[in-house]
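Note sheet for the following structure.
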Amino acid sequence: MDNDLHDIALTVNGAAYNGRVESRLLLSDFLRHDLKLAGTHVGCEHGVCGACTVLLDGEPVRSCLMLAVQANGHAISTIEGLASPAGDYTPLQQAMHDHHGLQCGYCTPGILMTMTAFLDEHASPSEDEVREALSGNLCRCTGYQNIVDAVMTAASRMRG
Amino acid sequence: MSTRSFGQPVKRNEDRKLLTGQALFVDDVELPGMLHVAFLRSQVAHARIVGIDVSKALQRPGVIAAWTAADLGAYWRHGPLLVPPPPIPGTIFHERTQVPLAKDKVRHVGEPLVMVVAESRYIAEDALDDIDVELEALDAVVDLERALEASSARVHDDLDSNVSAHVHQSKGNYVAAAAKAHCILKRRFLYEHGISSPIETRGVVANWDARASQMTIWDTTQAPVFVRNGLAAMLGLNERNVRVVAPFVGGGFGPKIMMFYPEEVLLPWASMRLNRPLKWIEDRLEHFFATTHERGQIHDAEIAIAADGRILGVKDMFLHDGGAYDPYGLTVPINSQCTLLGPYVIANYDSTFTQVFTNLPIVTPYRGAGRQHGVFVIERLLDLAAHELGIDRAEIRRINLIPPEAFPYNNEIIYQDFAPLSYDSGNYEPVLDMALEAIGYAGFKAAQAEARAQGRYIGLGLACYVEGTGIGPYEGAKVQVQSNGKVSIATGIGTQGQGHFTVFAQIAAEQLGVAVTDIDVVTGDTDQFYWGAGTFASRGAVVAGNAVNEAAKVVRQKALKLAGELFECSEDDLVLENGKVSITGVPGQFITLGDLAGRANPMRGAVKPGTEPGLEATQYFGPPSGATANGVHAMIVEMDPRTFDLKILKYVVVHDCGTVINPMILAGQIHGGVAQGIGNAFFEKLAWDDQGQLLNASLADYLLPTSLDVPRMELSHTVTPSPLNPMGIKGAGEAGAIPVGPLFAQAIEDALDLPSRGIELLEIPLSPSRLYELTRKGERS
Amino acid sequence: MKPAPFKYIAATSLAHALALKSEHGDEAKFLAGGQSLMPTMNFRLARPTVLIDINGIDEVSGVDLSETGPTCIGAMTRYRTLERDARLAAAFPLIREALPEIAHPQIRNRGTLGGNLCHADPASEMPALAVALRARLKIQSSTQRRWIAASDFFLGALTTDLQPDEMLTTIELPPLGPRTGSCFMEIARRRGDFAIAGVAAMVTLDDDDTCIGARLVFCGVGEMPVDASDATDLFKGEAISDKAIRDVAALAQNMIDPGGSVHASADYQRHVAGVLTERALTTAHQRARDGQ
């Protein structure tokens, strides 16, 4: 079959991108290899590990289960867009650092994106709610405890 | 010292890159003109290769090459034996190591047959479909016991059985001890360990620069120096012309130290052949077969016990599933054999194991590395003995603990590092007491009865273990003060998330009086540091950490000497802190470390004979033998007595790993280990059919614990420094994972009152379904 | 794990999508939420030659809740939308109870009700709920439309009554009668995994607490949702007792056909199906009595 190419236009972290992609190109590969936004990681390519989670119009989704062409006209947010241009952490990034919420850091991008969206909607989450929200992101290093603590701390700091 | 950070929960230097998406992992390496590799892997576990036809694949647009074993010519050879068997008299060992591409036979599902190079990974995968492979299927060797029957198919045709190795070790006289026993309890134990399954799979990028005669390899390895040396030899290059970089590695837990993986061998070769950079990233499906596993053992073990509960002796015979090849020697089963002895006085021990070739992927160490299997056996034997004798399970452990005055305690058998199994130091009873206190042991029986009256089934588990850590051979480190005042540390060890960028900085900061954040650590780049072994066996902090300490000490001396000459004062009058050297009592008189470094590398004048330029030193550290850490885990679970669903209500770890460099990072190591232990005990199981096919090769079916499955853990520590290194450190990387299996078995038995129903849990992993079957079987019999 | 090549077409309207499907038939697949299809394509277990993306079609999305008549849910309605619809949750507590068991938030943000039903995974929750709730499914092709009962829609594992040119467009749920209590329970190895066994139970009482109707549908224990409601005939015209519940559960255990898997033996599945049935019926009964 000839390559089935499509022109797409989307924003990533607020910046506009135009590209021509093969229909089968996964959004995760498009972000990482075409846009060189390699902060989004790929762990399983079947939608279980959550490492590739990005925000699609503000909602966390698995970028390995979406085609790049499907992002046409949408706004994507990735880990690269979290900290301020000056490098200031978001409250969640800061809390992850403070609580040792990452070890190898490979699952971290997906966790940051998932829980960033979660904190937007849950100002005062319980630990159970945090664990539930986190359960779609596998981490093999931390045992989750410090991540949970980081999210709780971030929520508390965001409440001020 | 005002900047003191050693021993403090210092936040990690490496976090910023990881938290902002700027860290470099292997798959992030992008090079102009890069090609992509996929492998055609065997779909069957055991077969003779009749023919492979790649011609159709080569016609596909975008395909550059498709190579089989025949194309490799003289480059095709067996991998090296990484760890030869320890010098144990009478040991049988048949070395059969893996090959880059299968030539005559395939010996496990996933063994690579063809390497395809294409313009993209997508096209490379398309081309795999174009390849015709004709295989003549053979019976697969899967079951450990049947593998040893004369009628079994043989994994390696040139051997007369599937025995990979046979080892016997003993201390004392078990037969004599057993003759005096009050009772002997004998059981069969099955312990399966799973796969490490880091969230980052493996990957290799190789780039041959012909003009510079330079090969650069980015590799998700835990042992870059060995990879460089081995590949240089294979490729016919000087070691100086090969650079191996293990950048950020997304978890490894053991299997990423295995070498040489076929892909590590093939990518550099292909890059030289094509004069193009190449990338191969293992996908998750490949990972289930192409990365090494740890798996099962079958133990037939017995304990000879006195009426008061003292262990008189233990006898064990076990089979160890080694997989299709044995490049890692005997490390895993030796660990099982040695760690079974645990923190207990076991004067008489007789242990024999047989490592068995099977048509399953290769077995190499994964966090715990066989220690789990041994701990399970001894802890379960003690539980059986306690039940038999009517002794409290904490008491039977207590009375058998090695007393503090008995250290160093020689267990008289040979450990995986070839040294006698000798525990360097320990004080075990306080650890047990702290765990009992933390879990609320004294009041638990009443709480259990009260819960039961409300229809709730809660149970407590308690398990002790030791962990041999910090083995040699050695690591080295170069510590250098730069003229901007910042300190650079380079070491050959790889890293996989353990916080090396921070703990090594803390160690140097202690000596050099600089802020941890002003110390930059480079690990895993062979151009930055030439020598080293790797990150494995809970040894990074111990071995590389001490090398950093020694090198930093030398740099400190150099700095003080130079400053003493400058200020014309005694070095004893100098203070090194806050990045500068000052004279005691003369506040204005100081020089910064950066300025000193500049003076140590002068533009004019002579560097005196016998001195070296720069504030720099390289030192090596090699411990004579491993340091033995110990700990106790305790857990309370609640069981649904009908569905066998399980909830962990409380989890306690008390641990002693000697001097602690960074308690925050240590806690993280324990948390992660426990999480993997929980996976091993209750969730993760590689499900093979009798033809060696894996029935659950996806993360949807191979069940890694989630945030809902791993409980909050309460940690405490005691500190018994190791006398084997100046800092008194013991390793901690694997400790969390080791005792979780017996803890589950005991806690579940306790919750459901299984021992009094004659039901014993003698296997791991458990699951609700398996518990249902075991309890039904127990009730029928 | 990259998908094999295919031709991608973003449908701009329902008519467009149906015309495309009519043109390409079995060669083509609709891409709804993609949360089941994309993994199978990445594993190259599914290799459609044409992928018709229906995410851009608004016509088949949304919840139309009626106080008196049936509730209509567009096939492309995402789980996320269902999860956040408080009125739907009040009208159909079963849906509220089952949704959190479906995978994880990221998957629910994309996954659609219709896509899930058409995938027809026997361990999936929604097909069982559709049967339990007596859903009617609206099926459209470019030339005709038809309605089918959910109970007739599922033909086997990953197999439905859909023809190559058809699309499921609407799920219609009849209103629950008064004094109806319901309960969904499942056992999975981890939260979010497919069910080892799951059960949707519904009990309707009259003013004297006599049972006048009950539903019992399982997931995960057969090739498709197993409707074991006949077992509840024991309740009819009686006040439900614990013993009757145990008897119904025992009957139901014999009506299911679990196959066993790497996660659980068939015996265990049958066993826990019985346990869950007892518990779910007890809770549903209680809720019916308490007017929840």
Side-chain angles (χ1 to χ4, degrees), chain A residues 22 24-25 29 32-33 36-51 78-83 87 89 92-94 96-110 112 127-128 130-148, chain B residues 9 11-12 14-25 27-28 30 120-122 196-201 248-253 281 283-285 495-499 664-665 667-676 678-679 698-700 704-713 736:
Chain A
E22 192 184 350
R24 61 169 165 166
L25 183 71
D29 284 337
R32 290 179 45 75
H33 302 303
K36 312 287 188 241
L37 293 169
T40 298
H41 292 162
V42 171
C44 75
E45 291 182 314
H46 55 280
V48 182
C49 80
T78 70
I79 183 173
E80 286 91 346
L82 290 179
Y89 282 152
L92 181 60
Q93 286 172 310
Q94 183 65 48
M96 286 283 279
H97 178 56
D98 294 345
H99 284 275
H100 188 30
L102 62 155
Q103 290 184 28
C104 81
Y106 197 80
C107 69
T108 307
L112 286 173
E127 177 170 337
D128 284 349
V130 171
R131 284 185 179 270
E132 172 79 32
L134 190 56
S135 65
N137 291 81
L138 296 174
C139 170
R140 198 59 160 157
C141 293
T142 65
Y144 305 102
Q145 180 164 328
N146 290 347
I147 303 173
V148 171
Chain B
K11 293 176 209 165
R12 302 198 320 168
E14 52 266 64
D15 283 359
R16 174 160 284 276
K17 279 187 172 176
L18 294 165
L19 284 166
T20 55
Q22 302 303 321
L24 182 85
F25 291 85
D27 191 24
D28 305 341
E30 301 276 358
S120 78
R121 171 77 184 205
Y122 289 76
S196 74
S197 201
I199 306 303
E200 181 203 38
T201 54
F248 279 95
V249 173
F253 316 112
I281 301 298
D283 67 32
R284 187 55 62 177
L285 181 60
T495 194
Q496 46 181 335
Q498 309 101 313
M664 178 190 81
I665 287 174
Q669 287 292 307
I670 303 284
H671 290 166
V674 169
Q676 290 183 6
I678 289 170
S698 87
L699 288 185
L704 305 183
T706 73
S707 54
L708 296 169
D709 305 312
V710 182
R712 185 163 286 280
M713 296 158 234

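Keep in mind that this is a model prediction, so the values were computed, not measured. Each chain gets a letter, A, B and so on, in the order the sequences are listed, and its residues count up from 1.
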- Item | Residues forming a ring-ring contact (aromatic ring centres under 6.0 Å, His included) with His671(B), sequence neighbours excluded | none
At a heavy-atom separation under 4.5 Å, does [X] approach chain B through its side chain, its backbone, both, or neither?
X: Leu112(A); answer: side chain
X: Val148(A); answer: side chain
X: Leu37(A); answer: neither

Interchain contact, [X] with chain A, by part (heavy-atom threshold 4.5 Å):
X: Glu14(B); value: neither
X: Thr201(B); value: side chain
X: Ser197(B); value: both
X: Asp709(B); value: neither
X: Arg16(B); value: both
X: Val249(B); value: backbone
X: Ala700(B); value: both
X: Ile678(B); value: neither
X: Phe25(B); value: side chain

- Message: With a 4.0 Å cut-off on N to O distance, would you call Lys36(A) and Asp28(B) a salt bridge?
- Response: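 Here Lys36(A) does not pair with Asp28(B) in a salt bridge, since their nearest N and O are not under 4.0 Å apart.
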Closer than 3.5 angstrom, by distance alone: can the side chain of [X] be matched with the main-chain N or O of [Y] as a donor-acceptor pair?
X: Arg140(A); Y: Leu704(B); answer: no
X: His46(A); Y: Leu699(B); answer: yes
X: Ser135(A); Y: Ser707(B); answer: no
X: Tyr144(A); Y: Pro705(B); answer: yes

- Task: Check the pair Asp27(B) / Arg32(A) against side chain to side chain contact (heavy atoms under 4.5 Å, CB included), numbers first and verdict last.
- Result: CA-CA 9 Å; Asp27(B) 191 24; Arg32(A) 290 179 45 75; 3.0 Å; yes
Could you grab the distance from atom [atom1] of [X] to atom [atom2] of [Y], nearest 0.5 Å is fine?
X: His33(A); Y: Ser120(B); atom1: NE2; atom2: OG; result: 10.5 Å
X: Asp15(B); Y: Gln93(A); atom1: CG; atom2: CD; result: 11.0 Å
X: His100(A); Y: Lys11(B); atom1: NE2; atom2: NZ; result: 13.0 Å

With chain A, which of [options] has the greatest number of heavy-atom pairs at distances under 4.5 Å?
options: Arg284(B), Met713(B), Arg712(B); result: Arg712(B)
options: Ala675(B), Gly672(B), Gly673(B); result: Gly672(B)
options: Leu18(B), Val710(B), Leu19(B), Thr706(B); result: Leu19(B)
options: Gly679(B), Pro9(B), Ser698(B), Gly499(B); result: Ser698(B)

For residues [X] and [Y], report the shortest heavy-atom separation together with the two atoms involved.
X: Gly250(B); Y: Tyr106(A); answer: CA-CB, 3.8 Å
X: Tyr122(B); Y: Asp29(A); answer: OH-OD2, 2.6 Å
X: Ala51(A); Y: Ile199(B); answer: CB-CG2, 4.1 Å

- Item | Closest-packed option against chain B by number of heavy-atom pairs under 4.5 Å, given Cys104(A), Cys49(A), Gly47(A), Ala133(A) | Cys104(A)
- Message: If you count heavy-atom pairs within less than 4.5 Å of chain B, which of Asp98(A), Asp128(A), Ile147(A) leads?
- Response: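 Highest number of pairs under 4.5 Å: Asp98(A).
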- Task: Would you list the pairs meeting salt bridge (charged side-chain N to carboxylate O under 4.0 Å, His left out) in which at least one residue belongs to residues 130-139 of chain A, sequence neighbours left out?
- Result: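 Listed by first then second residue: Glu127(A)-Arg131(A), Glu132(A)-Arg191(C).
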- Task: Test Glu80(A) against Gln22(B) for side chain to side chain contact (heavy atoms under 4.5 Å, CB included), laying out the working first.
- Result: CA-CA 8 Å; Glu80(A) 286 91 346; Gln22(B) 302 303 321; 3.9 Å; yes
